[in-house]
Trainee: 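Sharing a structure, written as structure tokens. Questions coming.
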Amino acid sequence: MEHISVINIITVPEGMEVEAESIRSRYVEYFKKQNGFISSTFYKSISREEEGLIKYVNIIIWESKSHFDRVVIK
């Protein structure tokens with residue numbers, strides 16, 4: 001069985017980083033309880049865009065596309 005990596009780029013306004021990271025943590029806690037979840041990694045940019053925005057990259061690995069679909073697509 002081949003694993004699937006789901007990659008999301010999240011753009012967060014300045015001053016909202018703590019809230020964004022908290023929301024992401026809650027999602028990961030939910031995903032950890034789901035069949036087929038393997039891991040999650042969250043990367044934060046080291047620099048801001050001109051508008052003060054900061055980007056995050058969220059990578060979640062699932063056992064298969066069908067596991068992902070059952071949890072996320074429903």
Trainee: Partners of N58 by side-chain hydrogen bond (donor to acceptor under 3.5 Å, both in side chains), sequence neighbours excluded?
Mentor: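 Partners of N58 under the side-chain hydrogen bond (donor to acceptor under 3.5 Å, both in side chains) test: R24.
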Trainee: For the residue pair F37 and F31, categorise the inter-ring angle as parallel (less than 30°), tilted (30 to 60°) or perpendicular (more than 60°).
Mentor: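 Rings of F37 and F31: parallel, as their planes differ by under 30°.
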Trainee: Are V71 and Y30 packed together at the side-chain level, in the sense that at least one heavy-atom pair is separated by less than 4.5 angstrom?
Mentor: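 Result yes, sub-4.5 Å side-chain heavy-atom pair found.
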Trainee: Treat each ILVMFWY residue as a node, draw an edge where side-chain heavy atoms are under 4.5 Å apart, and state whether I61 and V28 are in one component.
Mentor: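 No, I61 does not connect to V28 through the hydrophobic network.
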Trainee: Can you tell me if K44 has over 12 outside heavy atoms packed within less than 6.0 Å of its NZ?
Mentor: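 Above 12, so yes.
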Trainee: Please step through side chain to side chain contact (heavy atoms under 4.5 Å, CB included) for the pair I60 and F68, ending with a clear verdict.
Mentor: CA-CA 10 Å; I60 297 180; F68 166 80; over 6 Å; no
Trainee: Same cluster or not: I23 versus L53, using hydrophobic residues (I, L, V, M, F, W, Y) connected whenever any side-chain heavy atoms lie under 4.5 Å apart?
Mentor: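 No; L53 is not reachable from I23 via cluster members.
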Trainee: Can you list the residues that meet the ring pair (Phe, Tyr, Trp, His ring centres under 6.0 Å) rule with F42, with sequence neighbours excluded?
Mentor: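 If we apply the ring pair (Phe, Tyr, Trp, His ring centres under 6.0 Å) test to F42, skipping adjacent residues, the hits are Y56.
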Trainee: Are I9 and V12 in one and the same hydrophobic cluster, where Ile, Leu, Val, Met, Phe, Trp and Tyr link if side-chain heavy atoms are under 4.5 Å apart?
Mentor: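 No.
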Trainee: At what distance, to the nearest 0.5 angstrom, does CD1 of I54 lie from CD1 of I10?
Mentor: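 It is 12.5 Å, given to the nearest 0.5 Å.
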Trainee: Calculate, to the nearest 0.5 Å, the distance between atoms NE2 and CD1 belonging to H67 and I4 respectively.
Mentor: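 With rounding to 0.5 Å, NE2 (H67) is 11.5 Å from CD1 (I4).
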Trainee: Is V6 reachable from I73 through a run of hydrophobic residues whose side-chain heavy atoms are each under 4.5 Å from the next?
Mentor: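 Looking at the clustering, V6 is in the same group as I73.
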Trainee: With rounding to the nearest 0.5 Å, note down the distance linking OG in S22 to OH in Y27.
Mentor: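 Output value for this atom pair is 11.5 Å.
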Trainee: At their closest point, which heavy atom of N35 faces which heavy atom of W62, and how far apart are they?
Mentor: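 Minimum heavy-atom contact is O-CZ3, 4.0 Å.
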Trainee: Rounded at 0.5 Å granularity, tell me how far CD in E29 sits from CZ in R26.
Mentor: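 Taking CD in E29 and CZ in R26, the distance rounds to 11.0 Å.
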Trainee: For S66, which residues count as a side-chain hydrogen bond (donor to acceptor under 3.5 Å, both in side chains) partner, sequence neighbours excluded?
Mentor: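 Expected list: S64, R70.
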Trainee: Does CD in E17 sit with more than 12 non-hydrogen atoms of other residues, nucleotides or ligands closer than 6.0 Å?
Mentor: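 Above 12, so yes.
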